[in-house]
Amino acid sequence: MHPFRKAVENRDEAAIEALLAENVLFTSPVAFKPYPGKAITAAILRGVMRVFEDFAYVREIANPDGRDHAFVFTATVDGRQIQGCDFLHFDEEGKIDDFTVMVRPLSAAQALAEAMGAQFDRIAHEAGQAAGSGPGV
């Protein structure tokens, strides 16, 4: 099993964060602009773990050199079944430097947007603390 998948399935926040490159770029399915950096990406992923219920990876696809992976998942958000995919690119050191998430159907993506929106003050606070900017951002 891939170390990222194992970390997520074990809900091991420290292991997930350890796999992120400092310059990781996180592209959300519900935000217009990507989020740059390890602190905000780790905080977003912690938020996702709080809002997803019944999360499970159902398929893993990798290219031969192991630097690109797609992890297909299912979950529930606010009573809506969601299907999605985490597209990851790994740098030369084996760290995730590009993380893109896509989800369907639209009703579940909207539920995810609302649930994550409710988490965003906490996410921004956690990212600010991790980045060393004090209690807020």
Check the surroundings of atom CG in Asp68: do more than 12 heavy atoms from other residues, nucleotides or ligands lie under 6.0 Å from it?
yes

Return the OG1 to CZ distance between Thr41 and Arg46, rounded to the nearest 0.5 Å.
10.5 Å

Between Phe87 and Tyr57, is there a shared hydrophobic cluster once you connect ILVMFWY residues whose side-chain heavy atoms come closer than 4.5 Å?
no

I need the Leu25 CG to Thr100 OG1 distance, nearest 0.5 Å.
7.0 Å

Nearest 0.5 angstrom please: His125 NE2 to Phe120 CZ, how far?
13.5 Å

Any side-chain to backbone donor/acceptor pair from Asp98 onto His89? Under 3.5 Å, distance only.
no

Side-chain heavy-atom pair Thr74, Asp54 within 4.5 angstrom cut-off
no

Do Phe4 and Phe90 make the cut of ring centroids closer than 6.0 angstrom?
no

When every non-hydrogen atom of Ala7 is compared with those of Ile16, the smallest separation belongs to CB-CG1, 3.7 Å

Between CZ of Arg80 and CG of Leu106, what distance do you get to the nearest 0.5 Å?
9.5 Å

Distance (rounded to the nearest 0.5 Å) between Arg50 CZ and Leu45 CG:
10.5 Å

Heavy-atom count check: over 12 atoms from other residues, nucleotides or ligands less than 6.0 Å from Met49 CE?
yes

Between Val30 and Ala109, which heavy-atom pair has the shortest distance, and what is it?
CG1-O, 3.5 Å

Keeping the roles fixed (side chain from Lys38, backbone from Leu19), state whether a donor-acceptor pair exists under 3.5 Å.
no

Distance in Å, Arg5 CZ paired with Leu88 CG, rounded so as to fall on 0.5 Å steps
12.5 Å

Under 3.5 Å, is there a donor-acceptor pair between the Gln81 and Thr76 side chains?
yes

Any heavy-atom pair between the side chains of Ile44 and Met116 that's under 4.5 Å?
yes

Nearest heavy-atom approach of Gln119 to Val51 is CG-CG1, 3.7 Å

For the pair His2 and Phe71, name the ring-plane relationship: parallel under 30°, tilted 30 to 60°, perpendicular over 60°.
perpendicular

Using 30° and 60° as the class boundaries, would you call the ring planes of Phe73 and Phe52 parallel, tilted or perpendicular?
tilted

